[in-house]
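Below is one structure, written out as structure tokens; the observations come after it.
All ligand and atom numbering here is 1-based and tracks the order in the structure. For reference, positions follow the sequence shown, starting with 1.
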Amino acid sequence: MKKIIKNGTIVTAADTYKADLLIENGKIAMIGQQLDESGAEVIDAKGCYVFPGGIDPHTHLDMPFGGTVTKDDFQSGTIAAAFGGTTTIIDFCLTNKGEPLQKAIETWHNKAKGKAVIDYSFHLMISEINDDVLAELPKVIEEEGITSFKVFMAYKNVFQADDGTLYRTLLAAKELGALVMVHAENGDVIDYLIKQALEQGHTDPIYHALTRPPELEGEATGRACQLTELADSQLYVVHVSCAQAVEKIAEARNKGLNVWGETCPQYLVLDQSYLERPNFEGAKYVWSPPLREKWHQEVLWNALKNGQLQTLGSDQCSFDFKGQKELGRGDFSKIPNGGPIIEDRVSILFSEGVKKGRITLNQFVDIMSTRIAKLFGLFPKKGTIAVGSDADLVIFDPNVERVISAKTHHMAVDYNPFEGMKVTGEPVSVLSRGEFVIRDKAFVGKPGSGQYIKREKYGKYAMSTKDEQLTI
Ligand SMILES: [Zn+2]
């Protein structure tokens with residue numbers, strides 16, 4: 001059935017204007033004034049913004065880690081995402097050394113099948129490069145539409161790849177049309193610092209942060225940028241947490257390198273002191289990279305504002321406090337890393353960013369949706385409001401106030417790291433390909449209705465850093 005969204009203010013990465021939207025066959029069919037309502041269901045968006053649905057480029061749903069599995073799977077995780085105004089996620093497909101990539105991809109398809117309530121896609125982790133992997137990569141891109149590869153520079157003896165693997169992945173990505181993503185922390189030095197701390201009897205959560213200092217994120221970020229320059233390739237640095245890393249990304253971009261950076265809500269509003277909370281509560285705030293001293297927050301906000309960082313991911317990777325985070329009692333290195341963020345990513349960016357005057361409304365849409373769509377080959381199907389684009393839409397009340405709490409969130413975990421935080425602005429209704437997933441703040445979607453999205457190669461819509469600098 002046709003739908004018309006009336007009386008809303010449409011906001012894209014470029015424009016803000018009042019118009020009606022006609023949705024037909026899951027797509028935006030027309031944008032205009034006083035559209036013909038006959039045969040259409042009319043949705044009143046008075047007093048609300050209408051945004052393109054959020055795209056979360058960084059999630060870990062149903063993922064094994066540290067002897068346990070993330071609590072949110074593709075059902076609870078995508079329902080929570082939808083409540084928060086996100087209509088597409090790109091999840092990380094983990095691979096095992098010596099195993100065909102295709103096998104890992106099938107495992108991930110099976111995790112999502114029948115569960116996702118919004119559309120989804122995958123990034124592929126690269127842990128080694130050999131003839132078998134190189135032979136499989138073209139198929140991964142052409143047939144699976146997976147056009148981004150993730151390399152870990154940290155988690156020694158678990159996920160960490162060596163520099164040779166990173167360099168060869170950058171070369172392969174350049175040739176095949178993919179974007180290389182890095183977790184940039186110096187895993188070797190961190191491994192030494194962790195051993196040293198434990199030997200000295202330092203076992204509390206705060207030592208998670210103290211053994212992963214920002215210098216080691218800056219160093220790894222700089223190294224990845226240099227290797228990208230040498231390979232003449234393209235790089236996306238995930239979860240940037242500190243000034244040292246922002247500096248390296250800015251330096252690379254000033255040289256005209258195609259280097260992009262993502263940060264996450266937790267780094268924008270939480271800080272290292274949370275890890276010192278008593279009764280092991282600090283474990284709730286263990287991420288890698290760790291939360292930093294408060295002064296880094298302003299650096300990150302400024303980087304989003306001036307375009308040195310371009311996107312916001314959630315790094316959704318949720319574990320219960322009871323029974324999961326608690327695995328690290330008596331040894332901070334055994335605390336599962338990560339937190340439940342998927343639901344509040346968009347709200348926090350709006351409330352702390354737009355409402356507090358740190359970024360503009362159009363920048364907000366760019367950071368949480370449009371730029372991500374362009375970098376990861378989803379644009380213009382996703383990430384904008386234009387005729388022919390998927391009707392992935394958020395009707396957003398910019399003035400309502402709410403308090404974030406585990407009591408009311410929709411993630412499957414027993415705590416929320418933003419507990420008690422007041423935010424302004426909330427999605428009222430969310431549509432995925434023209435169908436309501438959230439209607440008047442209630443879930444009306446259907447598990448399994450989310451579709452797997454094959455993505456375009458890197459470069460089709462991602463503007464190069466050089467072109468971008470010319471247009472500023
Ligand atoms: Zn992650």
Discussion item. Test: salt bridge (Lys or Arg N to Asp or Glu O under 4.0 Å). Region: residues 125-150. Which pairs qualify, not counting sequence neighbours?
Written reply: Glu142-Lys457

Response to the item:
residues 166-175 vs salt bridge (Lys or Arg N to Asp or Glu O under 4.0 Å), sequence neighbours excluded, gives Lys174-Asp232

Discussion item. Quick check on the 6.0 Å ring-centre criterion: do Phe122 and His109 meet it?
Written reply: yes

Worksheet item: Tell me, which pairs form a ring pair (Phe, Tyr, Trp, His ring centres under 6.0 Å) where one or both residues lie in residues 277-317, sequence neighbours left out?
Response: Tyr274-Tyr285

Fill in: Protein N, O or S within less than 2.8 Å of the Zn ion (ligand 1), waters excluded
His58 NE2, His60 NE2, Asp315 OD1

Discussion item. Could you check, using the six-membered ring where one of them is a Trp, whether Phe65 and Tyr155 have ring centers closer than 6.0 angstrom?
Written reply: yes

Worksheet item: Any sub-3.5 Å donor-acceptor pair from Arg402's side-chain atoms to Val423's backbone N or O?
Response: no

